[in-house]
J.: 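The structure follows.
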2 protein chains.
Amino acid sequence: MTNNQTRSDQGASGEGVDPLRLDLQLCFALYGASNRVTRLYRPLLAPLGLTYPQYLVMLVLWERAPRSVGDLGQALDLDSGTLTPLLKRMETQGLVGRARDPRDERRVIVSLTEKGAALRGPAGAVPGQLVCRLGGDLGDLAALRTALQALNRRLDAADGALP
Amino acid sequence: MTNNQTRSDQGASGEGVDPLRLDLQLCFALYGASNRVTRLYRPLLAPLGLTYPQYLVMLVLWERAPRSVGDLGQALDLDSGTLTPLLKRMETQGLVGRARDPRDERRVIVSLTEKGAALRGPAGAVPGQLVCRLGGDLGDLAALRTALQALNRRLDAADGALP
DNA sequence: GCATTTTGTATTGCACACAATATAATAGCT
DNA sequence: AGCTATTATATTGTGTGCAATACAAAATGC
């Protein structure tokens with residue numbers, strides 16, 4: 001905190017917005033927010049034996065399982081190079097099962113074990129704890145979510161464009 | 001894209017906000033946005049020989065250099081375990097210099113080499129390219145920046161609280 | 001029926017991110 | 001001075017994140 005406020009820091013609205021400084025501040029804010037959230041979740045997830053990305057995988061699986069690796073990757077916006085070792089660690093912990101789809105031997109189907117499904121209960125308390133720690137207004141967070149989802153749509157559109 | 005819209009997705013405002021689903025959606029949105037931004041920068045920074053975190057380090061150094069490792073870590077919200085190998089790679093590339101502070105031998109001072117300082121010119125075009133790719137309204141981005149900065153202040157406050 | 005292309009995962013290599021620990025140097029206290 | 005506590009960085013180990021590549025199974029073309 002308390003840095004990159006050199007020069008005058010033109011306001012959030014109006015027409016005199018400098019794209020370069022805005023980009024710089026947005027990069028820092030987004031990058032920092034993501035790291036901070038991961039850090040804040042860490043102590044809450046450690047008792048469950050989960051890292052933050054593993055927690056996100058479980059959230060997706062709790063919504064619907066079993067699913068293929070590719071399906072998971074699409075939901076989480078991660079590729080197989082990231083998911084494969086992550087899922088193997090979760091398999092070692094007995095949270096998920098991995099097996100080839102007999103109907104298409106190229107696919108690997110990820111399923112919830114009983115232990116993995118049972119973890120949903122204790123994990124249900126985590127978001128509450130976090131929101132409690134954060135305090136403040138929930139409306140702010142809802143607005144932020146909406147803004148980030150809009151950004152993500154723009155980022156997806158920008159990704160497949162010129163390359 | 002086009003996922004996590006299960007069930008009805010209660011709106012951005014109003015009072016019937018479910019903290020659990022909000023948390024879930026916010027996590028996905030923030031995590032995904034951070035990854036997407038890194039991906040989008042990658043091809044723009046590759047010609048400069050920089051990764052995204054290295055680019056952030058250079059942004060900080062272009063604002064003010066030389067600085068100590070701890071100073072950099074505070075500005076970027078990263079610890080030495082992350083910065084040390086990152087800075088060593090940048091030193092190998094000839095972008096920065098690392099030297100002990102003669103006035104306090106515990107400190108390592110990171111300075112810009114001529115090559116590192118010269119990179120500021122070409123790098124100046126990067127934010128413009130990105131904003132161009134993103135398109136749309138700049139006001140949105142300014143509002144998002146402000147919202148993220150507010151979130152970061154809350155996250156910082158929540159971090160040092162109960163542990 | 002066989003060769004080619006496409007599709008879905010896995011593997012490998014490199015670069016973060018951080019907790020835990022180690023190391024070394026300054027600062028404080030008596 | 002001598003001892004202890006604090007401070008600043010480095011090291012180590014684990015876990016992502018992604019590009020590039022490899023590989024195997026299915027779909028397609030002839």
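Just so it is clear, the structure is predicted and the values come from calculations on it, not from any experiment. In the text below, chain A, chain B and the rest are named by the order of the sequence lines, each starting its count at 1.
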J.: Give me the ring orientation class for Tyr41(A) and Tyr55(A): parallel if the planes are under 30° apart, tilted from 30 to 60°, perpendicular past 60°.
T.: tilted
J.: Is there side-chain contact between Arg98(A) and Ile109(A), with at least one heavy-atom pair below 4.5 Å?
T.: no
J.: When you get a sec, tell me which of dC16(C), dC18(C), dA10(C) is the closest nucleotide to the side chain of Arg89(B)?
T.: dC16(C)
J.: Between Leu86(B) and Thr84(A), name the one whose nearest nucleotide on DNA chain C is closer to the 5' end.
T.: Thr84(A)
J.: What heavy-atom pair brings Val37(B) and Leu30(A) nearest, and what distance separates the two atoms?
T.: CG2-CD2, 3.4 Å
J.: Please report, rounded to the nearest Å, how far the P atom of dG8(C) is from the CG atom of Leu87(A).
T.: 17 Å
J.: At under 4.0 Å, does any side-chain N or O of Arg39(B) touch on OP1 or OP2 of dG17(D)?
T.: no
J.: Is the shortest side-chain heavy-atom distance between Leu61(A) and Leu95(A) below 4.5 Å?
T.: no
J.: Taking only side-chain nitrogens and oxygens of Lys88(B), does any of them come within less than 4.0 Å of OP1 or OP2 of dT9(D)?
T.: no
J.: Please give, in whole Å, the distance from dG8(C) C1' to Leu78(A) CG?
T.: 16 Å
J.: Between dC18(C), dT9(C), dA8(D), which nucleotide has the shortest distance from any of its atoms to the side chain of Arg107(B)?
T.: dA8(D)
J.: Taking NZ, NE, NH1 and NH2 as the nitrogens, is one of them in Asp104(B) or Arg107(B) under 4.0 Å from a carboxylate oxygen of the other?
T.: yes
J.: Which one, dG15(D), dT9(D), dC18(C), comes nearest to the side chain of Arg100(B)?
T.: dT9(D)
J.: Can you check the Tyr52(A) OH to dC18(C) P distance for me, whole Å?
T.: 13 Å
J.: Nearest-Å distance, CG (Leu40(A)) to P (dA19(C))?
T.: 12 Å
J.: Hey, is the side chain of Arg98(B) poking within less than 4.0 Å of OP1 or OP2 on dA10(D), counting only N and O atoms?
T.: yes
J.: Taking for each residue the nucleotide of DNA chain D with the nearest heavy atom, is it Thr82(B) or Thr38(B) whose nucleotide lies nearer the 5' end?
T.: Thr82(B)
J.: Whole-Å distance between dA8(D) C1' and Asp71(B) CG?
T.: 12 Å
J.: Whole-Å distance between dA26(D) P and Asp104(A) CG?
T.: 6 Å
J.: With heavy-atom distances below 4.5 Å as the criterion, would you say the side chains of Pro53(A) and Leu86(A) are in contact?
T.: yes
J.: Nearest of dA19(C), dG15(D), dT11(C) to any side-chain atom of Arg42(A)?
T.: dA19(C)
J.: Expressed in angstrom and rounded to an integer, what is the separation of Leu45(A) atom CG from dC18(C) atom P?
T.: 15 Å
J.: Nearest nucleotide by nearest heavy atom, which residue falls closer to the 5' end of DNA chain C, Asn35(A) or Ser80(A)?
T.: Ser80(A)
J.: Which part of the nucleic acid, if any, lies within reach of Gly81(B) when heavy atoms closer than 4.0 Å are counted: base, sugar-phosphate only, or nothing?
T.: base
J.: Can you see if the side chain of Gln54(B) gets near the phosphate of dA15(C) - specifically, an N or O under 4.0 Å from OP1 or OP2?
T.: no
J.: Classify the side chain of Arg106(A) and the base of dT9(C) as holding, or not holding, a donor-acceptor pair under 3.5 Å.
T.: no
J.: Gln74(A) has an atom CD; how far is it from atom P of dT9(C), in whole Å?
T.: 11 Å
J.: State whether Ser68(B) places a side-chain N or O below 4.0 Å from either non-bridging phosphate oxygen (OP1 or OP2) of dA8(D).
T.: no
